[in-house]
Amino acid sequence: MFRKLFLTLFLFMISTVMVAQDLDEIIKKIDLKLRRDKRYLNLHYVEYPSDGKIDPDFTNLPRINEREPVSLQAKDNIVYRIVFLKDAIGVDSMIVLYVDQITNLAGGDSSFFGDASGPSFDTTRILTFGDMFNLKNNYADIYYKFFKVVDKFIKENPDSDPPTLLRINPDQEIQTSLGLSSRDNTDFLNYMRANHPHWYPKPKVVSKTSRRGPEVVETASPFKIDATPSFITFSHEVMDFSLGGASVELGFEDKVFNVLPFRGQSVTGGFRTLISLSEKKEEIEKAVMVDARLLARAAVDLTGITDVLVWNQAASPRLNISNGAGLDLSLTRPFGLPYWNFYVMAGVIDYQGPALRFSKNATRDVAYFGGNSMEWSMSFYWNESDSYTTRFRMDVGVGYHDVQEAEYAKKSNSKISSKEIYANIAPMIQFHLNFAPEGTELFASKTKLYDGVIKFVAWLKLFELDGGHQFRLETQLVTAPVTRKKRPYETAGGASMQLRYRFGL
């Protein structure tokens with residue numbers, strides 16, 4: 001809604017205003033808009049006190065513009081309305097805006113709840129936006145008290161929104177038609193929790209059986225697992241540490257080379273750490289996070305497996321991916337920049353006994369080896385609307401890999417020669433789509449174009465059992481080169497399909 005966006009932009013100006021700007025004038029404009037347009041702004045409020053008791057700190061509250069301090073009173077015919085902005089475009093957290101004092105002139109004959117604007121009520125703004133801004137900057141402990149009143153009400157009523165001052169019915173069909181992106185890590189975390197094979201922490205879920213009953217925190221599983229026939233990750237709570245967590249992985253896939261699982265003749269194991277650089281481990285939405293995977297790759301003869309994989313249909317592989325060691329690193333907005341992803345694998349080729357070897361002529365065989373590889377990209381996230389139903393991500397960057405060719409004598413099997421036949425940097429772009437109706441991840445896909453080859457991956461949620469056991473159907477497709485001719489170590493592409501099991505993620 002335009003008015004909600006207008007208010008949000010003003011609040012953003014307040015938080016980023018430079019010394020040279022007239023801060024007092026901006027505050028006056030916000031105060032004026034809050035007074036004139038409150039029925040057209042999507043603002044919420046909480047009635048205070050709920051138990052008839054006033055916090056002792058709500059006495060002698062300082063006010064600006066040489067106005068006398070004010071104290072909240074514990075009287076039967078007086079209630080206070082704490083008005084706040086719950087959420088909006090560009091606002092990271094809830095903001096307390098002002099406080100109204102509502103006096104019931106008819107004594108106990110009328111209810112405070114409702115519009116409270118009839119002749120039996122007198123409404124006075126005792127703390128303006130300027131006053132609250134002053135409290136937030138100079139008396140943070142008092143401002144935090146008001147914040148906690150609102151926060152407590154929201155937590156005690158998780159299934160319903162707090163009352164609103166809005167007196168019009170917004171057209172939900174035209175809201176945020178151009179989409180939106182979060183200013184914090186929300187989009188990044190939504191994507192990772194839905195798609196990443198390793199665990200990403202989630203907010204603690206609190207449930208209550210009654211308004212005054214004790215809070216019950218739903219505990220997470222002590223271990224997490226993501227498993228397919230071609231890739232598996234595992235972590236346990238004993239692997240968590242003060243700044244983050246750790247997990248291990250084992251897989252038959254490669255990130256850069258355009259091959260299907262099991263078709264690269266290699267297996268990769270890794271140790272992954274997730275580190276939050278915030279002061280509080282829970283504040284990962286605002287923290288700089290480092291997701292690092294230390295990897296070791298070993299060349300393995302998988303020809304016996306690929307021959308019987310009926311769900312992995314592709315042309316016969318031709319590339320031997322070598323031994324290697326590497327690092328896969330993701331950073332959340334370093335130095336205010338977009339999200340960064342960096343992957344590097346240093347290959348060490350063993351030319352003796354390659355798993356895949358082909359006849360070149362009557363006296364010689366030939367084999368192809370994938371060695372070094374690298375990929376760097378920046379990620380951008382956005383959503384189709386503020387409902388977060390359709391979510392998008394785009395990775396833009398470059399990749400590199402090299403390929404060696406070796407010739408062997410047919411009779412002695414000894415290597416005759418070797419040479420590099422490909423080593424180049426190429427653009428890489430990858431587009432992701434997630435569909436999550438009502439916050440439940442149902443479908444996702446990603447399409448990658450690198451070195452003239454398209455790689456498509458998609459999954460569909462099949463069902464989820466009680467306890468968090470989730471099953472997905474996943475498919476991968478690798479095409480033949482679409483922008484150039486096929487090289488001797490490449491195939492015509494292929495497709496695979498597999499079942500993915502996730503628990504505790």
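Counting from 1, the numbers follow the sequence of the chain as shown. Note that this is a predicted model, so its numbers are computed, not measured.
Looking at Ser230 and Glu253, their side chains do bring a donor and an acceptor atom within 3.5 Å of each other. Under the 3.5 Å distance criterion, with hydrogens and angles disregarded, a donor-acceptor pair is assigned to the side chains of Arg472 and Gln470. Asp291 and His198 form no side-chain donor-acceptor contact under 3.5 Å, judged by distance and modelled atom types alone. Remark: the Arg393 side chain and the Ser379 side chain contain an N/O donor-acceptor pair separated by less than 3.5 Å. Side-chain atoms of Asn195 and Trp459 form a donor-acceptor pair, as typed in the model, at a separation below 3.5 Å.
Between Leu327 and Leu295 there is no side-chain heavy-atom pair separated by less than 4.5 Å. Here the side chains of Arg81 and Leu165 are in contact, with some heavy-atom distance below 4.5 Å. Within the 4.5 Å cutoff, the side chain of Phe84 has no heavy atoms near those of the Ile95 side chain. The side-chain heavy atoms of Arg125 and Leu34, taken from C-beta on, include a pair separated by under 4.5 Å. Side-chain atoms of Leu135 and Pro62, non-hydrogen and from C-beta on, do get closer than 4.5 Å to each other. At a threshold of 4.5 Å between non-hydrogen side-chain atoms, the residues Ser445 and Phe456 count as touching. Looking at heavy atoms from C-beta onward, Val256 lies in side-chain contact with Tyr450 at the 4.5 angstrom threshold. Two residues are said to be in side-chain contact when any heavy atoms from C-beta on lie closer than 4.5 Å; Leu127 and Leu61 meet this criterion.
Looking at Arg293 and Glu249, a side-chain N of the basic residue comes within less than 4.0 Å of a carboxylate O on the acidic one, giving a salt bridge. Contact check on Lys29 versus Asp31 returns no salt bridge, with no Lys/Arg side-chain nitrogen under 4.0 Å from an Asp/Glu carboxylate oxygen. The pair Arg63-Glu68 does not meet the salt-bridge criterion, since no charged nitrogen lies less than 4.0 angstrom from a carboxylate oxygen. One finds a salt bridge joining Asp57 and Lys145 here, because a Lys/Arg side-chain nitrogen approaches an Asp/Glu carboxylate oxygen to under 4.0 Å.
The OH atom of Tyr98 sits 5.5 Å away from atom CG of Leu43, with the distance rounded to the nearest 0.5 Å. Interatomic distance, CG of Leu260 versus CD of Gln498, reported as 10.0 Å (0.5 Å rounding). Atom CG of Asp187 is separated from atom CE of Met192 by 12.0 Å, given to the nearest 0.5 angstrom. Note: Phe392 CZ to Tyr381 OH = 14.5 Å, rounded to the nearest 0.5 Å. Atom CG of Leu189 sits about 11.5 Å away from atom NE2 of His196, to the nearest 0.5 Å. Note: Leu274 CG to Met239 CE = 12.0 Å, rounded to the nearest 0.5 Å.
Counting all heavy atoms, side chain and backbone alike, Gly326 lies closest to Met345 at N-SD, 3.5 Å. Residues Ala458 and Phe443 approach most closely at CB-CE1, 4.2 Å, considering heavy atoms. Heavy atoms only, all atoms of each residue included: Thr389 and Pro437 are closest at CG2-CA, 3.9 Å. Considering all non-hydrogen atoms of both residues, Arg502 and Pro197 come closest at NH1-CA, 4.2 Å. The two atoms that bring Pro338 and Trp340 nearest to each other are O-CD1, 3.1 Å, heavy atoms only. When all heavy atoms are compared, the tightest approach of His469 to Tyr501 is ND1-OH, 2.7 Å.
Taking the centre and axis of the six-membered ring of Phe431, the NZ or CZ atom of Arg391 falls outside the cone set by 45° and 6.0 Å.
In this structure, the side chain of Thr332 engages the main chain of Met289 through a donor-acceptor pair within 3.5 Å. Counting only distance, with no hydrogens or angles, the side chain of Asn134 and the backbone of Gly130 share no donor-acceptor pair below 3.5 Å. A donor-acceptor contact shorter than 3.5 Å is absent between the side chain of Tyr339 and the backbone of Ser377. For the pair Thr103 (side chain) and Leu105 (backbone), a donor-acceptor distance under 3.5 Å is absent. With Asn434 contributing its side chain and Ala194 its backbone, the two residues share no donor-acceptor pair below 3.5 Å. In this structure a side-chain-to-backbone donor-acceptor pair under 3.5 Å is missing from Tyr144 to Tyr139. Judged by distance alone, with hydrogens and angles left aside, the side-chain atoms of Tyr191 form no donor-acceptor pair with the main-chain N or O of His432 at under 3.5 Å. Looking only at distances, no side-chain donor or acceptor of Arg193 sits under 3.5 Å from a matching main-chain atom of Asn190. Side chain of Asp131 to backbone of Thr128: a donor-acceptor contact under 3.5 angstrom is found. Of the possible donor and acceptor atoms, none in the side chain of Asn383 sits under 3.5 Å from a partner among the backbone N and O of Ser385.
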query: Where do Phe503 and Phe223 land on the ring-ring contact (aromatic ring centres under 6.0 Å, His included) test, with the steps shown first?
result: CA-CA 8 Å; Phe503 176 74; Phe223 67 92; 5.2 Å; yes
field: Worked check of side chain to side chain donor-acceptor pair (under 3.5 Å) between Thr123 and Asp100
entry: CA-CA 6 Å; Thr123 301; Asp100 283 346; over 6 Å; no
query: Passes side-chain contact (heavy atoms from CB on, under 4.5 Å), Val290 versus Leu329? Steps please.
result: CA-CA 7 Å; Val290 181; Leu329 191 67; 3.6 Å; yes
- request: Give the intermediate values and the outcome of side-chain contact (heavy atoms from CB on, under 4.5 Å) for residues Leu499 and Thr228.
  value: CA-CA 6 Å; Leu499 194 66; Thr228 69; over 6 Å; no
query: Can you check side-chain contact (heavy atoms from CB on, under 4.5 Å) on Glu384 and Leu180, steps first, answer last?
result: CA-CA 7 Å; Glu384 175 266 337; Leu180 61 92; over 6 Å; no
field: Residues Met94, Ile154; criterion side-chain contact (heavy atoms from CB on, under 4.5 Å); working and verdict
entry: CA-CA 11 Å; Met94 180 177 63; Ile154 293 175; 3.8 Å; yes
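In Lys448, the NZ atom is crowded: over 12 heavy atoms of neighbouring residues, nucleotides or ligands sit closer than 6.0 Å. The environment of Lys152 atom NZ is sparse: at most 12 non-hydrogen atoms of other residues, nucleotides or ligands sit within 6.0 angstrom. Summarising the local packing, CH2 of Trp376 is surrounded by more than 12 heavy atoms from other residues, nucleotides or ligands at distances under 6.0 Å.
In this structure, Tyr80 has its ring center no closer than 6.0 Å to that of Phe58. In summary, the aromatic rings of Phe153 and Tyr45 are positioned with their centroids too far apart to meet the 6.0 Å limit.
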